[in-house]
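Counting convention: from 1, in listed order, for ligands and their atoms alike. The basis for the numbers below is simple: all heavy atoms, side chains too, and nothing from hydrogens, waters or symmetry mates. Sequence positions, counted from 1, serve as the residue numbers for this chain.
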Amino acid sequence: MALNTFRLQLRFTLPLILVLTIAALVALPLLDRVTARWFARDLTLRGDLVASALSDTVADALRDDKGERLQALFDRSAQDEHLLAIGLCSPDDQLLRHSRGFPVDLGCARAKTLRRWGGDTVQVSVHPIPAVGEPVARIVLLQDRSFIGRRSQDTQRYLLEFVALLGLAVLLITVVAAQLSWRGWMRGARALLSGEGLSPAPRASAPELAPFAADLRVRLRELDDAYRRSLGPSSDWSPERLRALLRSQLRGDEVMVVSNREPYLHERTAAGIEVRRPASGLVTAVEPVMRACSGVWIAHGSGSADAEVVDASDHVRVPPGSEEYSLRRLWLTPEEENGYYNGFANEGLWPLCHVAHVRPVFRVADWAHYQAVNRRFADAVLQEAHSKDPVVLVQDYHFALLPALIHARLPRATIISFWHIPWPNPESFGICPWRREILQGLLGSTILGFHTRYQCKNFLETVDRYLEARIEHEHSTISFQGEKTLVESYPISIEWPDAQLQASWPPVEQCRQRVLQALGLPGDHRLGIGVDRFDYTKGILERLQCVELLLERYPQWIGRFGFVQIAAPSRSVLPEYRAFQLQIQAQVQRINERFGRAGYQPVHLLAKHHEREALTELYRAADVCLVTSLHDGMNLVCKEFVAARSDEMGVLMLSRFAGAAREMREALIINPYHVEEMADALHQALSMPPAEQRERMASLRMTVREFNVYRWAGSMLADAGRWRLRERIEARVLEGRAQ
Ligand code: G6P
């Protein structure tokens with residue numbers, strides 16, 4: 001930095017010094033000549049003046065013949081600073097009188113012809129004293145010219161000093177100005193990029209640049225992400241590597257996960273107790289991490305037989321059969337579940353964050369339950385913690401208050417919160433009556449993760465809008481009430497199927513035939529699939545419209561293309577969800593009536609839960625998978641589809657409003673609100689040559705394999721490790737100072 005400033009200053013000052021030197025060299029002789037001329041003229045004028053002042057007196061004296069008077073007058077006048085001597089000559093060149101020091105040998109006749117005397121040091125001038133008609137005498141003045149040289153030297157010296165001083169002053173001003181402006185620029189640029197100068201207080205500079213700076217920051221960070229991606233993985237992320245990281249960076253500290261949805265539900269069925277894995281992106285991602293890290297997972301026990309299988313302290317070892325970690329179940333009353341889960345989380349926060357044109361509903365009673373349940377989960381964390389500094393992974397929008405509650409009671413815990421759904425812009429979030437409480441709760445986290453930079457940016461801006469917090473955009477941290485939170489993007493992913501699992505999958509052709517047969521479709525049918533929870537954010541309606549338009553625009557697909565929509569029932573007690581389900585059912589029926597015929601049903605809606613194996617079979621059977629979310633934090637269905645396609649075939653259509661679209665560029669990226677575009681894309685997908693399919697799919701598979709869920713967890717834990725290390729060092733430094 002200092003070197004840069006110095007160079008900048010040199011660039012200013014060197015030309016300046018050069019210009020001043022040239023100016024001085026040219027100006028000095030010129031000035032010398034001019035001043036010499038001025039002084040000579042000045043001398044002549046003075047001579048004229050003296051002569052004219054003397055002439056009357058001299059004329060009178062000559063008339064009265066008062067020689068003594070003249071002598072005294074001449075001696076007095078010759079005392080003038082530059083007047084050396086005065087002589088009085090008659091018209092016939094006789095020296096009549098002269099003052100002291102007048103060179104007699106000069107002679108009046110010579111004086112008339114000379115202008116200089118004594119080298120160049122004496123100026124000679126002759127002034128006639130006129131009488132009536134002709135001159136009666138001449139006054140000869142000898143003036144000192146040597147002072148002209150002295151004055152000229154003085155002037156030159158003054159001028160040189162002036163130029164030097166001027167140069168010095170300009171130099172000084174330049175240096176200071178350069179310093180100030182460089183610092184100002186740097187500070188300004190830094191403030192702009194870090195956003196410091198954009199917060200309303202205390203520095204409110206350049207508000208018109210705020211959107212530009214925010215976008216720039218996001219772009220820079222995205223570029224950074226892309227760059228890191230382009231470098232490829234430092235090595236493959238696996239459960240072993242995650243475990244090693246946990247041991248080395250977090251000293252094998254105990255890990256706890258808190259989520260609403262549990263990874264395994266025990267359900268009572270006619271056949272006895274069955275274990276089910278819920279349809280939840282959160283569970284898909286976090287479960288493999290938990291298997292790798294062991295520890296405890298605290299969640300709401302919502303299975304009908306959950307209570308029957310836990311021990312006295314509400315624990316059950318999972319996964320069934322391998323029992324790698326402990327699941328601690330927490331029981332909620334129907335009122336609690338209704339207020340906290342159905343009400344505040346799913347009728348309030350879910351639509352609030354997805355901005356999918358469903359109005360969020362906030363009720364005071366729901367909020368009270370939400371607070372109470374968060375407190376109950378905080379109690380559970382305290383009960384489960386065996387050390388003062390566990391690593392607690394808080395999951396999703398059900399627990400916005402939990403981080404601060406844990407931090408208050410376990411200040412040394414590392415709290416890593418992950419928000420699995422989108423974070424809206426500050427205006428949209430402002431709808432929530434308890435926006436400040438939610439933000440304060442989340443800021444109890446050590447690290448707060450989102451899927452994308454864009455969501456981080458929204459969060460930072462929301463905090464900026466509603467809390468008195470210090471935001472360092474440069475480091476993506478928020479300081480609030482003396483505590484710091486790192487806000488980072490960690491794109492979530494899936495566990496990449498290992499070779500053993502892949503080997504257990506039936507061949508693709510077999511999967512195809514089985515699926516088509518089960519649907520009653522001929523073996524040569526092309527197949528499109530959609531796999532979602534039955535949720536209005538998933539764009540299922542738009543997807544069906546797309547299928548309908550495909551059959552309308554490209555009738556060659558009628559009787560040759562079938563579409564299967566898996567819709568796992570979700571939150572069905574909520575009116576919004578029930579209405580949505582009815583709407584979809586009606587839509588499916590209408591399309592089937594319009595394009596179906598004997599032996600051909602274009603759309604198959606399977607509104608029931610499917611286990612993972614069944615989904616893998618479906619993914620492998622499909623020609624195209626449609627992910628058309630209207631808004632989605634990440635979406636893991638697209639990654640599961642890609643992971644299942646070990647044959648490197650099949651086409652993915654992916655909504656640009658799903659977080660995954662930022663990573664999975666080789667998919668056909670679509671806008672679910674543009675049905676015509678989607679229908680064309682579906683036609684393109686169904687007509688895509690195998691070579692292009694392979695090229696796209698191979699690249700997508702590479703991305704998902706490398707950026708798997710172990711990397712997701714690993715990056716967060718590595719950041720947490722660094723954070724802890726820093727805290728320990730700081731604590732040691734403080735201890736050292738205190739001693
Ligand atoms: C989303 C949420 C998860 C949730 C899942 C299923 O993926 O981010 O937190 O578990 O939906 O929803 P559910 O309400 O059935 O748990």
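Near Ala279, the atoms of ligand 1 lying under 4.0 angstrom from a non-hydrogen atom of the residue are 6 (C). The His420 neighbourhood of ligand 1 comprises atoms 8 (O), with distances under 4.0 Å to a heavy atom of that residue. Contact atoms of ligand 1 toward Tyr341: 13 (P), 14 (O), 15 (O) (distance under 4.0 Å to a heavy atom of the residue).
At least one heavy atom of His398 sits under 4.0 Å from some atom of ligand 1. Not a single heavy atom of Ser259 sits closer than 4.0 Å to an atom of ligand 1.
Compare Arg571, Arg261, His300 by their heavy atoms: the one nearest to atom 11 (O) of ligand 1 is in Arg571. Of the listed options Gly633, Pro278, Gly281, Gly281 places a heavy atom closest to atom 7 (O) of ligand 1.
Annotation for Gly441 and Pro403: closest pair O-CB, 3.3 Å, computed over non-hydrogen atoms.
Heavy atoms of Ile421 found under 4.0 angstrom from ligand 1 belong exclusively to the side chain.
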Trace of the salt bridge (charged side-chain N to carboxylate O under 4.0 Å, His left out) decision for Arg465 with Glu461: CA-CA 6 Å; Arg465 179 77 59 88; Glu461 286 175 2; over 6 Å; no
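Arg620 and Ser646 share a donor-acceptor pair across their side chains, judged by distance under 3.5 Å alone. With 3.5 Å as the limit, one finds no donor-acceptor pair spanning the side chains of Tyr466 and Gln440. Side chains of Asp306 and Trp331: no donor on one and acceptor on the other come within 3.5 Å.
Given atom 9 (O) of ligand 1, the protein heavy atom at minimum distance is Asp396 OD2, 2.4 Å. The shortest contact between atom 10 (O) of ligand 1 and any protein heavy atom is with Ser280 OG, 3.0 Å.
Formation of a donor-acceptor pair under 3.5 Å by the Arg701 side chain with backbone atoms of Ala643 is found in this model. Of the possible donor and acceptor atoms, none in the side chain of His610 sits under 3.5 Å from a partner among the backbone N and O of Ala279.
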